[in-house]
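Proteins get letters first, then strands, A, B, ... in listed order; numbering begins at 1 in each.
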2 protein chains.
Amino acid sequence: MPDPAVPLQLSVDRTSPVPLYFQLSQQLEAAIERGTLTPGSLLGNEIDLAGRLGLSRPTVRQAIQALVDKGLLVRRRGVGTQVVHSQVKRPLELSSLYDDLEAAGQKPATKVLRNTLEPATAEVAAALGVAEGDDVHLVERLRYAHGEPMAQLRNYLPTGLLALDTPQLEATGLYRLMRGAGITLHSARQSVGARAATAAEAELLAEAVGAPLLTMQRTTFDDTGRAVEFGTHVYRAARYAFEFQLLVRP
Amino acid sequence: MPDPAVPLQLSVDRTSPVPLYFQLSQQLEAAIERGTLTPGSLLGNEIDLAGRLGLSRPTVRQAIQALVDKGLLVRRRGVGTQVVHSQVKRPLELSSLYDDLEAAGQKPATKVLRNTLEPATAEVAAALGVAEGDDVHLVERLRYAHGEPMAQLRNYLPTGLLALDTPQLEATGLYRLMRGAGITLHSARQSVGARAATAAEAELLAEAVGAPLLTMQRTTFDDTGRAVEFGTHVYRAARYAFEFQLLVRP
DNA sequence: AAGTGGTCTAGACCACCGA
DNA sequence: CGGTGGTCTAGACCACTTT
C-alpha cells in the first residue's frame with residue numbers, strides 16, 4: 001500500500017498576475033524538492049485539492065499535469081497521483097559548453113579565431129535551410145578551461161538574425177547571445193561521435209596526433225522551427241564528456 | 001503577413017472509444033505530415049474550429065496543445081496557431097542500438113558473453129539505487145553488424161524485474177525485452193565520451209590499440225522513477241555515432 | 001461498490017497583438 | 001479597435017483500480 005495522502009500547506013494568491021495553476025505547480029514542485037512530499041507519497045485526489053484551495057478541478061489538473069510532464073509525478077487511474085520514486089529531477093537542457101564549464105567552476109575563456117561571412121556549403125545550407133552559396137555567418141572559436149585548450153567550436157548562423165560581436169563572443173556563450181537577442185531556443189538535433197586527431201587538430205588542442213577526440217554536430221531550432229545555428233565541434237576526449245537526459249515518447 | 005487559414009477536412013467519430021481530442025490531434029498531425037498544412041500556415045482560431053467540429057473549445061485546445069508539445073505547432077497570442085517552419089518532426093527517442101541498426105537495415109547479431117548475478121559495486125549500486133554488495137544482473141554482450149564487431153555492451157539490472165534469457169537476449173534488444181515485460185520506460189540519463197582502446201578492447205572489437213572508441217554510460221528510469229538499468233557501453237567510433245534530439249525547457 | 005483519474009461541455013473574462 | 005490565445009469555472013459522465 002502506498003503512503004497515505006500528505007496534508008500540505010498550499011495556498012494561492014488571486015491578486016497575483018501569476019496564473020493560479022502555475023502558483024500551485026510551483027508549490028508542489030518546491031514540496032517535492034525539499035522532501036515534504038516524499039517519493040511514492042500520494043497527492044490526494046484532485047477534487048478535494050480543488051475544494052481546499054478554492055480552485056476548480058481543471059485548474060488543479062493543469063498544475064498537476066505540468067509536473068507529470070516534467071517527470072516529477074505519476075498519475076494512475078483508480079489509484080491517485082504519486083511522487084516518482086527517484087531523483088530524476090535534472091532538467092533536460094540544451095547543453096552549452098560555456099554554461100557547463102561555468103557550472104563546474106572552471107571559468108571558461110574563449111578566443112575567436114574567425115568571425116566572418118562565408119558562402120554556405122551544401123552541408124551547411126541543408127542544415128540551416130538556406131540556398132547553397134548564400135552568405136552565412138561563420139564563427140570559429142577555441143575554448144579554454146584552466147588555461148588549457150579544451151575544444152574547437154565552429155558555428156554557422158543565418159544572416160540577419162543576430163549581431164555577432166567578437167568581444168561579446170569572447171565574454172559569453174553563443175546561446176546566451178542568442179537568447180539575449182530574443183531568440184527562443186526550442187530543440188536541437190545532435191550527432192555525437194569520436195575520431196582520431198588530425199595533425200592540425202592536435203596542434204590546436206595540444207594533443208598528440210591520433211589522440212581520441214569527441215565530435216559533435218548540432219542543428220538548433222527556435223520555437224517557430226527555423227534552424228538558427230549549425231555547429232561542428234571537436235572536444236578533447238580526456239577533458240570533456242556530454243551529459244544529457246532523454247525522454248521516451250509514450 | 002502569414003498565409004491565410006486553411007480549410008481542412010476534419011471530423012470526429014463520437015462512437016469511437018478514441019478520445020475526441022486525440023482524434024483531432026492525429027488528423028492535424030497527418031495533415032502536417034502530408035503537407036496539406038504547410039509550414040507557416042495558420043490553423044484558424046480555436047472557437048471556429050470547435051464550432052465546425054461540434055466540439056467545445058477546451059477539447060480543441062487539448063488537441064492543439066498536444067501538437068505544440070510535440071513541436072509541430074506554435075501558438076502566438078493575438079496572431080493564431082501556425083505550423084512550425086521546418087521538419088523537426090523526429091521524435092525524441094531513447095536510442096536502442098539494436099533498433100538503430102535494424103532501422104539501418106544492418107541485421108544486428110548479438111553474442112552474450114556473460115549473463116550472471118554479481119554483487120553491485122559502489123558505482124552500480126548508486127546508479128540503480130540498491131545497496132552496495134546486493135546482487136544485480138550483469139549482462140555483457142558483443143554486438144555485430146555485417147559480421148563485424150561493433151560494440152561491447154555491459155548492462156546491470158536490479159533483480160526481480162525481468163527474466164534474462166540468454167537466447168532471447170541474442171534474438172532481440174534489451175529494451176524490447178523490458179517493454180515486453182510490462183516495464184514502461186520513461187527517461188534516461190546519459191554520459192557520452194571518448195577514449196583510446198585498451199589492449200583487451202582492441203582484441204574484442206578488432207581495432208588497433210589506441211584507436212578512438214565512443215563510450216556511453218546510461219541509467220534508464222521507468223515511469224515511476226525507478227532505475228531499471230545501468231549500462232556501460234563501448235562503440236567502435238569508426239562505425240557508430242549517437243543521434244538524438246534535445247528539447248529546451250522553456 | 002467506492003474512489004480515482006480521463007474526458008468533455010458551455011460558457012466567462014483577461015492579456016496580448018496587429019491594424 | 002477587433003481578434004487571438006491564456007486562463008478559469010462548475011458542473012457531467014466514463015474507465016479503470018482497488019476493496
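Using a cut-off of 4.0 Å between Lys/Arg side-chain N and Asp/Glu carboxylate O, Glu46(B) and Arg75(B) are scored as salt-bridged. With respect to Glu170(A) and Arg141(A), no salt bridge is recorded, no charged nitrogen being found less than 4.0 Å from a carboxylate O.
End-to-end axis angle of the helix from dA1(C)-dT18(D) to dG18(C)-dC1(D), from C1' rotation axes over five pairs per end: 20° (rounded to 10 degrees).
Residues Leu174(A) and Leu164(A) are in side-chain contact: their nearest non-hydrogen atoms beyond the backbone lie under 4.5 Å apart. The shortest distance between side-chain heavy atoms of Glu229(B) and Leu162(B) does not fall below 4.5 Å.
A straight line from CG of Leu73(B) to P of dT4(D) spans 16 Å, rounded to a whole angstrom.
Thr159(A) and Asp135(A) are not linked by any side-chain donor-acceptor pair at a separation below 3.5 angstrom, with hydrogens and angles left out of the test.
When all heavy atoms of Met216(B) and Val192(B) are compared, the pair lying nearest together is CG-CG2, 3.9 Å. Smallest separation of non-hydrogen atoms from Leu138(A) and Tyr156(A): CD1-CE2, 3.7 Å.
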### Query
For every nucleotide of nucleotides 2-9 of chain C, 5' to 3': is a protein heavy atom under 4.0 Å from its base (B), only from its sugar-phosphate (S), or from neither (-)?
-BBBBBSB
### Message
What verdict does the side chain to side chain donor-acceptor pair (under 3.5 Å) test give for Gln217(A) and Glu243(B), after you've listed the backbone C-alpha separation in whole Å, the side-chain angles of each residue and the deciding distance to 0.1 Å?
### Response
CA-CA 9 Å; Gln217(A) 287 200 329; Glu243(B) 302 237 336; over 6 Å; no
